[in-house]
Amino acid sequence: MDRASIVHENFLRRVAAGDLPQGRAPGGPLEPQAAVQLYRSGCLTRALDIVSRRMQAAGEGFYTIGSSGHEGMAAVAAALRPSDMAFLHYRDAAFQIERANQVPGQSILWDMLLSFACSREDPISGGRHKVLGSKALNIPPQTSTIASHLPKAVGAAYSIGPARRVRPEHQALPDDAIVMCSFGDASANHSTAQGAINTSCWTAFQNVPMPLLWVCEDNGIGISTRTPAGWIAASFANRPGLGYFACDGLDIYDTYATARAAAEYVRTRRKPAFLHVRTVRLYGHAGADMPTTYMARHEVEAEEANDPLLHSVRLLDAAGALSPAEALAIYEETLERVERVRAEAVTRPRLETAGEVMASLVPPARTNAPGNGPSAEARADAFGADLKAMESPQIMSRLINWALTDLMLEHREIALMGEDICAKGGVYGVTQKLGQRFGRARVIDTLLDEQSILGLGLGMAHNGFLPIPEIQFLAYYHNAEDQIRGEGATLPFFSDGQYTNPMVVRIAGLGYQKGFGGHFHNDNSFAALRDVPGVILCCPSNGADAARLLRECVRLAREEQRLVVFLEPIALYPMRDLHEPGDGLWLRRYPAPDERIALGEVTTHGDGRDLAIVSYANGLHLSLQAQKRLAESGIASRVIDLHWLNPLPADALIDAIGDAARVLVVDETRRTGGLAEALMALMAERGGRPHARYCAEDSFIPTGPAYAATMPGVEGIVAAARALTGDAA
């Protein structure tokens, strides 16, 4: 007999016989009717776990990581308000079921069975995954990536404070809300969890409001690896800036009283707290997992003997709220009801086509209040002497700074966050003066942790802000890429477009830095960004285009709720010249605030028919130098600036190539996994003319005189162009 059946049969037998586990008497503020309701939520949690395994065995369901043993989380839900956003651990069905009791009009059993069956009528994911989550219940969906939801919980909690001053148009959380985030004892050891909890403490230690309730569900094991006894308490009970509360999750009375006290602590003090909930894990990790293969049978049976539903029957009887016979009848009736509803849920339609699956990768557009942009007076006040400087050509970094200023003047919900961006103005001075212009509430100096920076952005987006996080260097993004891949990009996908993360991530990257380099500060691979479905990747080549593109990126985030990465080429930040020292041909005037380069639009330099050179960023700067050299030898070319690296502007590119006889792709990323691979495939499929590529080598970038040795150069572009055109001169 499988362990789920054993636990079920044990419950029936022991309740009927009055053989209930020992424990302390019920106490605290939990009223009898509410206590019975928590028991009902626990019974529904258990019944869904049992039926999900039957569904899988019959080929009707596809997910069996259950919540049995964690039924006490219903008491945590009862201690909170539906307006408190909840980021849930995947064993928290009891929490979601109990919260549904707090919100009128819910059909939680039907909804969860549709999710188990992967029906496209599932109200949260549309059949894409079995996830906990509900827009009506203020529960953003979470997949099972370990602890990846913790950083954005910090961001959501932080956002409540500045929202009182800024009042974002799409604000979602009330001023007195708190954020709840739950996870397991094994997940607590993950570096993401450690970083997020540390960030919440670091913030609170400075008396910055952080109304965040961490809930650790401690069942003592992670799949098969034991958590040392006492480890969670020893790790978190005495953290600076963190209140600590502990309860027995097998006891709904104790759990409710403690959770209510913890929530009150967070709500009134606006400081984070850690609620340590003792639980047990029944059935093993998932449906196919057999706990007796890595635990002694007597250990498994001891856990099962501590079934929290058995404890609830004892407590309810002792409180005079419900007799064991009545409790048994509720349990049996709940299981029968779930079976009846299951029979209908498994008949509901599922996703079938790629188009249906992918429909939620791109979130829906949203309506925003119209605006006329900042007034002349506001611009004059913010820019000061910079208004006069706008009359002359400037370097890229300064034009990006001005574009950010105009955007922040126009959209009050924009907030910047990153290492050193406020007081210092960023490593390269791109954000200089922005802290003075907009204050520390909108230009946020973070601690040195990329996961926390991106999580702060993701969480603030949940409360109506339009975040623009900065990652100092492209190489540093890899420390935190799961925040984009596993959280940001998947949120609209797994919520059927109901939840989104509109934001613009600024990343300084690519190569060609002469004086400050090495592979940590020069990274010419952005494959990890292009590989994430739904993410837009934009890269400017000069200052004026950077301003125009950044405005379009913000529009995409604000109006179309897109997650956009704005990759800024470090080496071009200070670039002034193009062909000769002192020619100033790479400087640009600041474009009018209403000028943009639309998504999918490319820019063409020249109209030569012999050759089209396709590039971007540093490659464009080099290609324009090569274009002049080629013209001197009789090869007429056009140079096309892509701007948009994901999705590729395929139609616009083919149109721009036009009547050019040949195509040369100049790509500063590596030969393997680089952008040129996609461009060469496009040329093979739609180009219809000879084509070649000139890429960087499959190498990291060194410091010193050889900083550009592995990447395209002007001489190499000229040579590749001549080889392609048959000109050996």
Side-chain angles (χ1 to χ4, degrees), residues 510-512 524 539-542 545 569 571-572 575 577-580 583 585-586 600-645 648-699 708-729:
L510 302 174
Y512 296 100
N524 63 331
C539 184
S541 59
N542 63 71
D545 284 354
L572 296 179
M575 187 64 66
D577 306 323
L578 177 57
H579 298 299
E580 303 292 340
D583 65 18
L585 292 179
W586 212 248
E601 183 179 333
V602 303
T603 299
T604 304
H605 302 267
D607 57 2
R609 296 183 178 182
D610 296 330
L611 177 69
I613 303 175
V614 179
S615 196
Y616 59 95
N618 297 285
L620 186 86
H621 185 257
L622 299 171
S623 295
L624 289 175
Q625 295 176 49
Q627 182 184 43
K628 181 180 179 182
R629 296 266 301 275
L630 292 169
E632 292 169 353
S633 61
I635 299 175
S637 64
R638 65 189 65 177
V639 179
I640 302 168
D641 190 350
L642 288 169
H643 303 310
W644 305 99
L645 310 186
L648 282 173
D651 292 339
L653 176 57
I654 296 299
D655 288 343
I657 291 170
D659 58 358
R662 302 164 186 82
V663 177
L664 174 64
V665 172
V666 176
D667 179 17
E668 59 189 283
T669 60
R670 301 167 196 156
R671 177 171 295 274
T672 301
L675 185 67
E677 290 183 336
L679 289 168
M680 292 295 282
L682 177 65
M683 292 302 102
E685 294 167 356
R686 298 179 57 182
R689 70 206 80 200
H691 52 275
R693 61 175 172 159
Y694 176 39
C695 312
E697 301 295 336
D698 290 339
S699 172
T710 63
M711 293 182 294
V714 176
E715 294 293 340
I717 296 173
V718 170
R722 287 174 173 168
L724 183 59
T725 59
D727 183 356

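Here the structure is a predicted model, which means the values were calculated and not measured. In what follows, residues are counted from 1 in the order of the sequence shown.
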Can you find a heavy atom in the side chain of Asn618 that is under 4.5 Å from one in the side chain of Met711?
no

Non-hydrogen atoms of His579 and Leu585 that approach each other most closely:
CD2-CD1, 3.9 Å

Using a cut-off of 6.0 Å, state whether more than 12 heavy atoms not belonging to Asp583 lie near its atom CG.
yes

To the nearest 0.5 Å, how far apart are CG in Leu620 and CG in Asp545?
8.5 Å

Smallest separation among heavy atoms of Asp607 and Arg638, with atom names:
O-NH2, 3.2 Å

Please tell me whether Asp641 and Ser541 have a donor and an acceptor in their side chains that are separated by less than 3.5 angstrom.
yes

pair Arg693-Leu679: side-chain heavy atoms closer than 4.5 Å:
no

Can you give me the closest heavy-atom contact between Ile717 and Tyr694, atom names plus distance?
N-CE2, 3.3 Å

With sequence neighbours left out, the residues meeting salt bridge (charged side-chain N to carboxylate O under 4.0 Å, His left out) with Glu715 are Arg629

Side-chain heavy atoms of Ile654 within contact of Met683, under 4.5 Å
yes

Restricting to non-hydrogen atoms, name the atom on Pro540 and the atom on Pro569 that form the minimum distance, rounded to 0.1 Å.
O-CG, 3.3 Å

Mind listing the closest non-hydrogen atom pair of Ala676 and Cys695 along with its distance?
CB-SG, 3.6 Å

Can you tell me if CD on Glu632 sees more than 12 non-hydrogen neighbours from other groups inside 6.0 Å?
yes

More than 12 heavy atoms of other residues, nucleotides or ligands under 6.0 Å from CZ of Arg689: yes or no?
yes

Could you tell me the separation between the OH atom of Tyr616 and the CG atom of Leu510, rounded to the nearest 0.5 Å?
6.5 Å

Side chain to side chain contact (heavy atoms under 4.5 Å, CB included) partners for Ala692, two or more places apart:
Leu664, Leu724

Considering non-hydrogen atoms only, spot the tightest contact between Glu677 and Arg671 and give its length.
OE2-O, 3.3 Å

Counting distance only, does the side-chain N/O of Arg722 pair as donor-acceptor with the main-chain N or O of Ile635 below 3.5 Å?
no

So, using side chain to side chain contact (heavy atoms under 4.5 Å, CB included) as the criterion, who are the partners of Ser615 when residues are at least two apart?
Ser623, Val666

Below 4.5 Å, heavy atoms only, C-beta onward: do Leu653 and Val614 meet side chain to side chain?
yes

Are the side chain of Asp667 and the backbone of Leu675 linked by a donor-acceptor contact shorter than 3.5 Å?
yes

Any donor-acceptor pair under 3.5 Å linking the side chain of Gln627 with the backbone of Ile613?
no

Rounded to the nearest 0.5 angstrom, the CG-NE2 distance for Leu645 and His643 is 10.5 Å

Measure the shortest side-chain to side-chain distance between Asp610 and Leu630 over non-hydrogen atoms and say whether it is less than 4.5 angstrom.
no

Any donor-acceptor N/O pair, Tyr512 side chain to Leu572 backbone, under 3.5 Å
no

Looking at Asp698 and Arg670, is any side-chain nitrogen of the basic one under 4.0 Å from a carboxylate oxygen of the acidic one?
no

Would you mind reporting whether Asn524 and Glu697 have side-chain heavy atoms less than 4.5 Å apart?
no

Approximate separation, where rounding is to 0.5 Å, of His621 NE2 and Glu668 CD:
12.0 Å

